[in-house]
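Below is one structure, written out as structure tokens; the observations come after it.
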There are 2 protein chains.
Amino acid sequence: MDTVFKALADPNRRRILDLLKKKDMSVTDLQEYFDFTQASLSHHLDVLKRADLVVTERRGQFIIYSLNISVFEEMANSVLNYFKYDKRK
Amino acid sequence: MDTVFKALADPNRRRILDLLKKKDMSVTDLQEYFDFTQASLSHHLDVLKRADLVVTERRGQFIIYSLNISVFEEMANSVLNYFKYDKRK
DNA sequence: AGTATCCATAGATATTCATCTATATATTAA
DNA sequence: TTAATATATAGATGAATATCTATGGATACT
């Protein structure tokens with residue numbers, strides 16, 4: 001849970017997730033959307049992977065990144081729960 | 001939006017929000033739940049305030065912190081939207 | 001087999017950030 | 001007005017992190 005929030009704290013990583021929402025992509029595909037180096041992109045993907053927000057699959061030379069849908073949905077629920085409160089004045 | 005995610009990235013700040021869900025509290029009240037110094041607590045509260053997640057009201061000597069409910073609910077919605085995706089395989 | 005491409009990893013650097021101590025500011029109490 | 005309490009702020013320090021260059025390991029192409 002902590003790793004998830006930390007993963008989401010970086011705008012570039014949120015952008016990556018946004019892109020993966022639309023379609024699965026290789027690192028090379030993703031690279032076109034960012035100015036930093038491939039090493040940095042790889043680092044961000046690693047953070048997302050450690051947070052279990054994305055999964056990978058090798059397809060020939062390429063490694064395809066996609067959302068980990070179950071965790072993504074779990075997160076949606078737990079975040080929603082998190083923002084629910086029940087304060088009595 | 002970025003400041004909100006950054007604010008949520010720290011577990012201590014999420015704990016503060018959890019506590020404020022139950023009731024409004026002064027810094028002194030909150031202090032009992034944490035081991036770090038008052039200065040550190042003040043810093044975390046500042047981050048939450050800059051993210052607009054909490055609001056303050058002076059009550060005598062005390063400064064009472066409470067959730068900024070509208071932003072909190074906004075956040076719930078936008079986060080939920082964030083986690084909704086529509087990927088076609 | 002050799003080369004090119006794709007991605008990850010190692011190591012360095014700079015920035016951000018969580019925390020501390022010390023102090024300033026505001027309010028209350030004596 | 002002086003002392004005590006509540007909170008914020010300034011400045012320092014160490015840890016975490018985002019980024020870079022350089023390189024390694026894997027697969028594909030010729």
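Lettering of chains follows the sequences in order, A, B, ..., and the numbering in each one begins at 1.
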Report the residues that fulfil side-chain hydrogen bond (donor to acceptor under 3.5 Å, both in side chains) with A:H44, sequence neighbours left out, ordered by chain and then residue number.
A:R13
Rounded to whole angstrom units, what separation is found between the [atom1] atom of [X] and the [atom2] atom of [N]?
X	N	atom1	atom2	value
B:R59	D:dT7	CZ	C1'	16 Å
B:E57	D:dA6	CD	P	18 Å
B:I63	D:dT7	CD1	P	7 Å
B:L45	D:dA8	CG	C1'	11 Å
A:I64	C:dC7	CD1	C1'	12 Å
B:L48	D:dT7	CG	P	16 Å
A:F34	D:dT19	CZ	C1'	14 Å
A:D46	D:dA18	CG	C1'	13 Å

Between the protein and nucleotides 16-24 of chain C, which nitrogen or oxygen pairs come in under 3.5 angstrom?
| unit_1 | atom_1 | unit_2 | atom_2 | d |
| --- | --- | --- | --- | --- |
| C:dA18 | OP1 | B:R13 | NH2 | 2.9 |
| C:dA18 | OP2 | B:R13 | NH1 | 3.4 |
| C:dA18 | OP2 | B:H43 | NE2 | 3.1 |
| C:dT19 | OP1 | B:N12 | ND2 | 3.2 |
| C:dT19 | OP2 | B:H44 | NE2 | 2.3 |
| C:dC20 | OP2 | B:T37 | N | 2.8 |
| C:dC20 | OP2 | B:T37 | OG1 | 3.0 |
| C:dC20 | OP2 | B:S40 | OG | 2.8 |

With a 4.0 Å cut-off, would you call [X] and [Y] a salt bridge?
X	Y	answer
B:D18	B:K21	yes
B:K49	B:D46	no
A:D2	B:R14	yes

Under 3.5 Å donor-acceptor pair, B:Q61 side-chain atoms to D:dT5 base atoms:
yes
Find out whether the Lys NZ or Arg CZ of A:R15 is both under 6.0 angstrom from the six-membered ring centre of A:F34 and within 45° of the ring's axis.
yes
Using only side-chain N and O atoms of B:R58, determine if any of them is under 4.0 Å from OP1 or OP2 of C:dA26.
no
Less than 4.0 angstrom between a side-chain N/O of A:Y65 and OP1 or OP2 of C:dC6, yes or no?
no
Would A:L41 and A:F62 show up in the same hydrophobic cluster when neighbours are defined by side-chain heavy atoms closer than 4.5 Å?
no
Consider only side-chain heavy atoms of I, L, V, M, F, W and Y, link residues closer than 4.5 Å, and tell whether A:V4 and B:M1 are in one cluster.
yes
